[in-house]
Structures are given as C-alpha cells and as structure tokens.
Amino acid sequence: MQLNVQTFQHAAASISNLRLLLISVRPTEWIKNAFLFAPLFFSKNLVSLELLAKTLLAFSLYCLATGGVYLINDIWDRDADKKHPQKSTRPIASGALPLALAAPVAIFLLITSLTGTFLLSLSFGLVTTGYVLLCIAYSQWLKQVVILDVFSIAAGFVLRVVAGAVVIGVAMSHWLLICTMLLALFLGFSKRRYELVALANDASLHRPVLAEYDPLFLDMMIAVVTSATVVGYALYTISNETIQRFNTDRLLLTLPFVLYGIFRYLYLVYHKNHGGNPSQTLLADGPLLVNIALWVLVAGAIIYTANP
C-alpha cells in the first residue's frame with residue numbers, strides 16, 4: 001500500500017513538473033515563429049507539399065530553440081523576476097520548478113533543435129545558431145542598452161524570415177525584410193511603453209533600461225515606426241519588383257488590412273493598456289485575429305490567382 005502511495009506521488013510530481021516546464025517554454029510565444037512561413041507564402045510555394053513540410057519542420061525546430069532560450073532566460077533572471085508583479089509567478093522565479101530540472105531541459109532543447117537545423121541544411125543551421133546567440137546576448141546584455149534593446153528584438157524577427165527563406169532555398173525580398181524589421185520595431189517600442197506605464201515608478205527596478213525611456217520619447221518612436229511601416233508596406237505593394245514578381249498590382253488592395261491592424265493595436269496600447277505581450281494581445285483580441293485572417297486570405301487570393 002505504501003509503495004502504491006509513493007508511486008502515485010512520484011507520478012503526480014512528474015506530471016506537475018511537465019506542466020511547469022510547458023508553461024516555462026511559453027508555447028503562446030511560439031506564434032512569433034510563424035514569420036518563418038512568410039518566404040513560403042510570398043514565394044508562391046505554399047502549395048508545394050515538400051517545401052511546406054520543410055517549413056513546418058523548421059518551425060518546430062525554432063519552437064524547441066525558443067523554448068530552450070526562454071528557460072535559460074528565466075534561470076538567469078529569476079532573482080529580478082521575483083520582484084516583478086507578473087513575472088514573479090513564473091515557475092522558475094516562484095521556485096515551483098527546480099533549477100536542477102529546468103537547466104538540463106534547456107540544454108537538451110537547444111542541442112536538439114540546433115542539431116536538427118544543421119541536418120536540414122548548413123545555411124539554416126547557421127542562421128538558427130545566430131538567432132539563438134542573439135537571444136542569449138539580448139538576455140545577458142543587449143536588453144540593458146537603450147534603443148538597441150528593441151532593435152535586437154526586431155533582428156530576431158528578421159532572422160526568422162531569413163531562416164524561412166534559406167530552409168526552402170528561395171531568394172529573399174528586401175521589401176519583406178524591411179517590413180518585418182519595421183513591424184517588429186513597432187511592437188517592441190509599444191511593449192516598452194506598456195512596461196513603463198504599467199510599472200510606473202518601479203519600472204527601472206524591474207527593467208533597468210526603462211530608466212532611459214520616457215512616455216514622450218517612446219510615443220515619438222512609435223509614431224516614426226508606425227508611419228514607416230505603413231509607407232514601407234504601401235511602397236512594397238506598388239514597387240516594380242513586386243508587380244513583376246506576382247504579375248499584378250492588386251496587392252495594394254491589402255493595405256487597408258495593414259492600416260486597420262496597426263490602428264487596432266495602437267488602440268489596445270493607448271486605450272486598453274495592452275501591449276506588454278504582443279503574442280497574448282494578438283491571441284486575445286478577436287478583431288485583430290479576424291483582420292489578420294482576412295489579410296492572409298485576400299493576399300493569398302491575389303498572389304496565387306495572378307496569371308503567371
């Protein structure tokens with residue numbers, strides 16, 4: 001009887017640790033890795049089962065790598081996270097998930113994911129390694145450097161797009177990289193503004209770099225990247241390169257969806273005090289989800305039905 005009780009307790013503890021590990025690798029954040037599908041979509045290869053399978057595998061490997069990075073980040077930041085109103089509930093910061101388990105799992109996830117990327121292709125492995133190193137550098141140093149902290153976040157999104165291109169062997173559009181960078185900067189500066197306002201006088205205690213920001217400065221940065229993102233996308237849709245690539249100029253019809261998406265996000269940031277976690281904001285806001293789905297459908301219809 002005692003053996004059965006011990007076995008049950010051991011099984012319950014294992015299940016609890018697995019649940020805490022799943023929370024710590026932040027699966028809701030994996031939506032950011034969807035940027036790997038951008039080159040597949042815009043290269044008109046979405047209907048290729050072989051290339052779609054490669055991109056899905058690449059996406060899975062990036063999710064593993066991202067999970068490992070999040071675990072390492074939580075291990076390094078556990079002392080600071082304990083003082084944060086939201087981050088203090090994270091499994092590692094709260095002490096619910098032991099470091100003796102979290103650290104080996106983080107290493108395993110990183111080794112497994114990076115090995116898999118190099119097995120897919122050398123170039124994909126090198127890009128993914130660069131992405132992981134950037135994430136680690138951000139966690140340890142770059143997030144403490146004003147402006148460069150947000151540029152580091154944006155560079156991570158750009159590397160995802162580059163990875164998506166090299167894994168299927170297609171040429172990258174400069175416009176795609178520019179629009180990705182601008183959109184990521186928009187999300188990054190919006191995130192910093194949320195943190196600064198939400199944490200108020202304690203902001204610099206939880207994230208020291210916030211002492212270098214103020215709401216007016218961030219509002220200026222958001223205004224600049226918002227305008228640049230909209231203009232950049234508009235120019236992309238009517239550029240000769242885009243028209244020749246897709247043999248149509250109708251991609252301009254998708255501009256209203258981009259405008260609404262950005263304006264809706266600004267509304268959530270400035271009127272609903274959202275934006276601290278772009279992934280959660282996206283998943284929790286119905287109008288944004290519908291708008292993105294409509295953009296994908298309309299853009300896909302235009303790109304894939306254009307005469308070759």
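Numbers here are sequence positions counted from 1.
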ILVMFWY cluster, [X] and [Y] together (side-chain gap under 4.5 Å):
| X | Y | value |
| --- | --- | --- |
| Leu64 | Phe118 | no |
| Ile111 | Leu101 | no |
| Leu297 | Ile302 | no |
| Phe157 | Val166 | yes |
| Leu196 | Met220 | yes |

**Asked** Is it true that Lys272 and Asp285 make a salt bridge, defined as a side-chain N closer than 4.0 Å to a carboxylate O?
**Response**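 Result for this pair is no, no salt bridge flagged.
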Quick check: are there more than 12 heavy atoms from other residues, nucleotides or ligands sitting under 6.0 Å from [atom1] of [X]?
| X | atom1 | answer |
| --- | --- | --- |
| Phe151 | CZ | no |
| Phe108 | CZ | no |
| Leu49 | CG | no |

Distance check, rounded to the nearest 0.5 Å: [X] atom [atom1] versus [Y] atom [atom2]?
| X | Y | atom1 | atom2 | result |
| --- | --- | --- | --- | --- |
| Ser239 | Asp249 | OG | CG | 11.0 Å |
| Ile168 | Ser121 | CD1 | OG | 11.0 Å |
| Asn73 | Arg90 | CG | CZ | 7.0 Å |
| Leu283 | Leu289 | CG | CG | 6.5 Å |
| Ile147 | Ser152 | CD1 | OG | 11.5 Å |
| Leu159 | Leu36 | CG | CG | 10.0 Å |

Any non-hydrogen side-chain atom of [X] less than 4.5 Å from a side-chain atom of [Y]?
| X | Y | answer |
| --- | --- | --- |
| Asp149 | Glu212 | no |
| Arg245 | Ser173 | yes |
| Tyr270 | Arg193 | yes |
| Trp175 | Thr237 | no |
| Phe41 | Ile303 | yes |
| Leu56 | Phe37 | yes |
| Val25 | Tyr70 | no |
| Tyr233 | Leu259 | no |

Ignoring hydrogens, what is the shortest heavy-atom contact between [X] and [Y]? Give both atom names and the distance.
| X | Y | value |
| --- | --- | --- |
| Leu61 | Ser113 | O-CB, 3.3 Å |
| Leu40 | Ser43 | O-OG, 3.2 Å |
| Thr28 | Ile31 | O-CG2, 3.4 Å |
| Ser279 | Glu29 | OG-OE1, 3.2 Å |
| Pro39 | Val161 | CG-O, 3.2 Å |
| Thr117 | Gly125 | OG1-CA, 3.4 Å |

**Request:** Run the numbers on Asn45 and Lys54 for side-chain contact (heavy atoms from CB on, under 4.5 Å), then give the verdict.
**Result:** CA-CA 11 Å; Asn45 284 306; Lys54 274 190 174 183; over 6 Å; no
**Test side chain to side chain contact (heavy atoms under 4.5 Å, CB included) applied to Thr226 and Ile222, Val224, Thr229, the passing residue** =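 It is Ile222; the other options fail the test.
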**Message:** Does the Lys NZ or Arg CZ of Arg264 fall within the cation-pi geometry relative to Tyr267 - under 6.0 Å from the ring centre and within 45° of the axis?
**Reply:**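 No, Arg264 does not lie over the aromatic ring of Tyr267.
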**Message:** Closer than 3.5 angstrom, by distance alone: can the side chain of Thr254 be matched with the main-chain N or O of Leu251 as a donor-acceptor pair?
**Reply:**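 It does hold such a pair.
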**Worked verdict on Val162 versus Met172 for side-chain contact (heavy atoms from CB on, under 4.5 Å)** = CA-CA 7 Å; Val162 173; Met172 291 172 291; 3.6 Å; yes
Whether [X] and [Y] hold their rings parallel, tilted or perpendicular, with breakpoints at 30° and 60°:
| X | Y | value |
| --- | --- | --- |
| Tyr131 | Tyr62 | tilted |
| Tyr236 | Phe246 | perpendicular |
| Tyr213 | Phe189 | perpendicular |

**Asked** Given Thr115 and Leu119, is the side-chain contact (heavy atoms from CB on, under 4.5 Å) satisfied, shown in steps?
**Response** CA-CA 6 Å; Thr115 300; Leu119 289 176; 4.3 Å; yes
**Request:** Given side-chain contact (heavy atoms from CB on, under 4.5 Å), test Leu71 with Ile92 step by step and report yes or no.
**Result:** CA-CA 8 Å; Leu71 281 172; Ile92 294 176; 4.1 Å; yes
